[in-house]
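Here is the naming used below: chain letters follow the sequence lines, and residue numbers restart at 1 for every chain. Any value given below was found using the heavy atoms of this structure, including those in side chains, with hydrogens, waters and symmetry copies removed.
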Amino acid sequence: MRFQKIKGTRDILPEEIGRWQAAEKQIQQVMARFGFSEIRPPIFEETELFARSIGQLTDIVSKEMYTFLDRGDKSLTLRPELTAGVVRAFIENNLGKKQPLNKLYYLCPVFRQENPQAGRLRQFHQFGAEILGSAEPAADVEAIALSIAIYRAFQLDRFVVKLNSVGDAVCREPYKQKLREYLRPRLDRLCKTCQQRFEKNPLRILDCKETGCRTETAEAPKLADSLCDDCARHFGRVQQLLDAAGMKYELDFRLVRGLDYYTRTAYEIVSDQLGAQDALCGGGRYDLLVEELGGEPTPAVGFAAGMERLLMALDKIGWQPAANPPAMIFLAPLGEAAVLWAVQTAQQLRQQGLTVEIDLLNRGLKAQLREANRQQARFAVIVGDNELKAGHAAVRDLTTSQQNDVLLAELISYLQKACTN
RNA sequence: GUGGGUGUAGCUCAGUUGGUUAGAGCACCAGAUUGUGGCUCUGGUGGCCGUGGGUUCAAAUCCCAUCACCCACCCCA
């Protein structure tokens, strides 16, 4: 029986881990520049946390969660996104009481049981940020600016920021009614799923990709025109601030984010380089969620972005992480006495902070040098019985093919000097 | 959950209308150089042809099922 990985999961192999680490580092740097601190909630939580925050009716909760019972018959779920866990941690650790504003970010795996396709996996990675405690439009703009800055830091600029407002508790329900009234006479011309959405979730009809539904909704009343005064003012101010800061965006009245907790600002960053799943990043404001999960009323705004999708887009533009690995020393011992010497010497060199490889396969010299070359070693140190007897090692510079005898007693200081320039 | 496509060596792929022992390039190992890498040449290791059934004298090739991957729908990052 040969085991294989679970459908929709991937092994990140040594040959690609460099890209991941470089991308992670870049993201962490930009997050830090914006004053965000990392938070790492647990990978699983009570099922109810996700059901309550994301919404029972959403696809994520109704059919995509990895849910299981633990030995105490408690229902647990592998996180399908991070906001719920971050908000839970925010409440449980009283972060809101320690300071008025919390700016948090994360970068970690999430799980959704969907059928895989380009840009979609069952275990994938999201990075994102949450600003908890501010209802100001400037906070919305801070989140948007941060996500844009991250993509720009990678020299990635073929993306579009789509912006909308989904209103709040005051104006969303009346708008839904207005939308239903508009659509009721056209109901039979909508697709099957939209007909089901009509009662419970009419906003989603705007988002439908069926051309029939799109033509029916093209002239429908727009949420942005039906906002209450507070929401309208907020939305206007967000746009004003974005304009002032020179951030380009497109208003998209069809943009209604899939998760229930969004209020007011909703935005998405899409790329034309990704295929059907083109969203790099999605986010918005969720002013009611903290209270809904049992905390003090706390306005908040944030975004989540797909790590794999970022990497896909980076592949398309030919991004290469800068790599300058330290000079490497390959110890090539021949014979048992030399191996003993090499193990001791490797220990000493490594304690000096040098990068050292030592042959572990008891290979011949030719094979060892081939290996050293394959690993792009800077120096090969050749030691056999002859060298031990003579008290020196043959140090071969693999870039110039120069080879010198170096006294064993002076080897460490010699290599230290040679590797620093 | 649904639809289409694809599974042959570590990797990328050939493989004729079913017909002997399933091939190439790269990678790996060895030799040319009995202790010297890269370049070159020569040779070699490596495959239950995704898995399980079926048809046939004969299956990598045809049929069915199943698993996985790719792409798409739904939806989302």
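- Atom P of G10(B) sits at a distance of 12 Å from the matching atom of C49(B), rounded to the whole Å.
- When the nucleotides C76(B), G35(B), G38(B) are ranked by their closest atom to the side chain of Arg204(A), C76(B) comes out on top.
- The side chain of Ala276(A) lies closest to A72(B) when the candidates are A72(B), G38(B), U36(B).
- Candidate nucleotides G38(B), C74(B), A72(B) were compared by shortest atom distance to the side chain of Arg120(A), and C74(B) ranks first.
- G19(B) and A58(B) are spaced 7 Å apart, taking the C1' atom of each and rounding to whole Å.
- For Phe253(A), the CZ atom counts as densely surrounded, since its 6.0 Å shell holds more than 12 non-hydrogen atoms of other residues, nucleotides or ligands.
- Within the nucleic acid shown, Gly119(A) comes within 4.0 Å of at least one base atom, counting heavy atoms only.
- The 5' end of RNA chain B is approached more closely, in terms of each residue's nearest nucleotide, by Ala118(A) than by the other of Ala118(A) and Arg309(A).
- When the options Thr263(A), Thr265(A), Asp140(A) are evaluated for a side chain to side chain donor-acceptor pair (under 3.5 Å) with Arg285(A), the one that passes is Asp140(A).
- Between Leu121(A) and Lys5(A), it is Lys5(A) whose nearest contact on RNA chain B lies nearer the 5' terminus.
- Partner assigned to U40(B) is A32(B), using Watson-Crick or G-U wobble distances below 3.5 angstrom.
- Across all strands shown, G7(B) forms a Watson-Crick or G-U wobble pair, both distances under 3.5 Å, with C67(B).
- Closest contact between the side chain of Asn115(A) and the listed nucleotides C73(B), G35(B), C29(B) involves C73(B).
- In this structure, the nucleotide among G35(B), U36(B), C70(B) sitting nearest to the side chain of Leu334(A) is G35(B).
- Comparing C48(B) with G23(B), their P atoms sit 15 Å apart, to the nearest whole Å.
- Comparing U36(B), C29(B), C76(B) by their nearest atom to the side chain of Leu365(A) picks out U36(B).
- The shortest distance between the side-chain N/O atoms of Arg370(A) and the OP1/OP2 oxygens of G35(B) is not below 4.0 Å.
- If you check C67(B), A77(B), C71(B) against the side chain of Gln117(A), the one that comes closest is C71(B).
- Counting non-hydrogen atoms of neighbouring residues, nucleotides and ligands closer than 6.0 angstrom, the CZ atom of Arg180(A) exceeds 12 such neighbours.
- Other residues, nucleotides and ligands place more than 12 heavy atoms under 6.0 Å from the CG atom of Leu361(A).
- Taking a pair to require two hydrogen-bonding distances under 3.5 Å in either a Watson-Crick or a G-U wobble arrangement, G1(B) pairs with C73(B).
- In this structure, a donor-acceptor pair under 3.5 Å is present between the side chains of Asp243(A) and Tyr249(A).
- Separating the P atom of C64(B) from that of U55(B) is a span of 15 Å, rounded to the nearest Å.
- Of the C1' atoms belonging to C73(B) and U16(B), the separation is 38 Å, rounded to the nearest Å.
- The separation of A27(B) from C13(B), taken at their C1' atoms, amounts to 14 Å, rounded to a whole angstrom.
- Within 3.5 Å, a donor on the side chain of Glu387(A) pairs with an acceptor on the base of G35(B), or the reverse.
- For Arg374(A), no side-chain nitrogen or oxygen approaches OP1 or OP2 of A27(B) to under 4.0 Å.
- Contact annotation: Gln368(A) does not reach the phosphate of U36(B) (side-chain N/O to OP1 or OP2, under 4.0 Å).
- With hydrogens and angles left out, the side-chain atoms of Glu64(A) and Gln113(A) include no donor and acceptor closer than 3.5 Å.
- Considering only side-chain atoms of Lys366(A), the nucleotide from A77(B), C69(B), U36(B) that sits closest is U36(B).
- Rounded to whole Å, the separation between the P atoms of A77(B) and U8(B) comes to 35 Å.
- With distances taken from any side-chain atom of Gln277(A) to the nucleotides G31(B), C73(B), A77(B), the minimum falls on C73(B).
- Residue contacts for Glu308(A): at a heavy-atom cut-off of 4.0 Å it reaches no nucleic acid atom on any strand shown.
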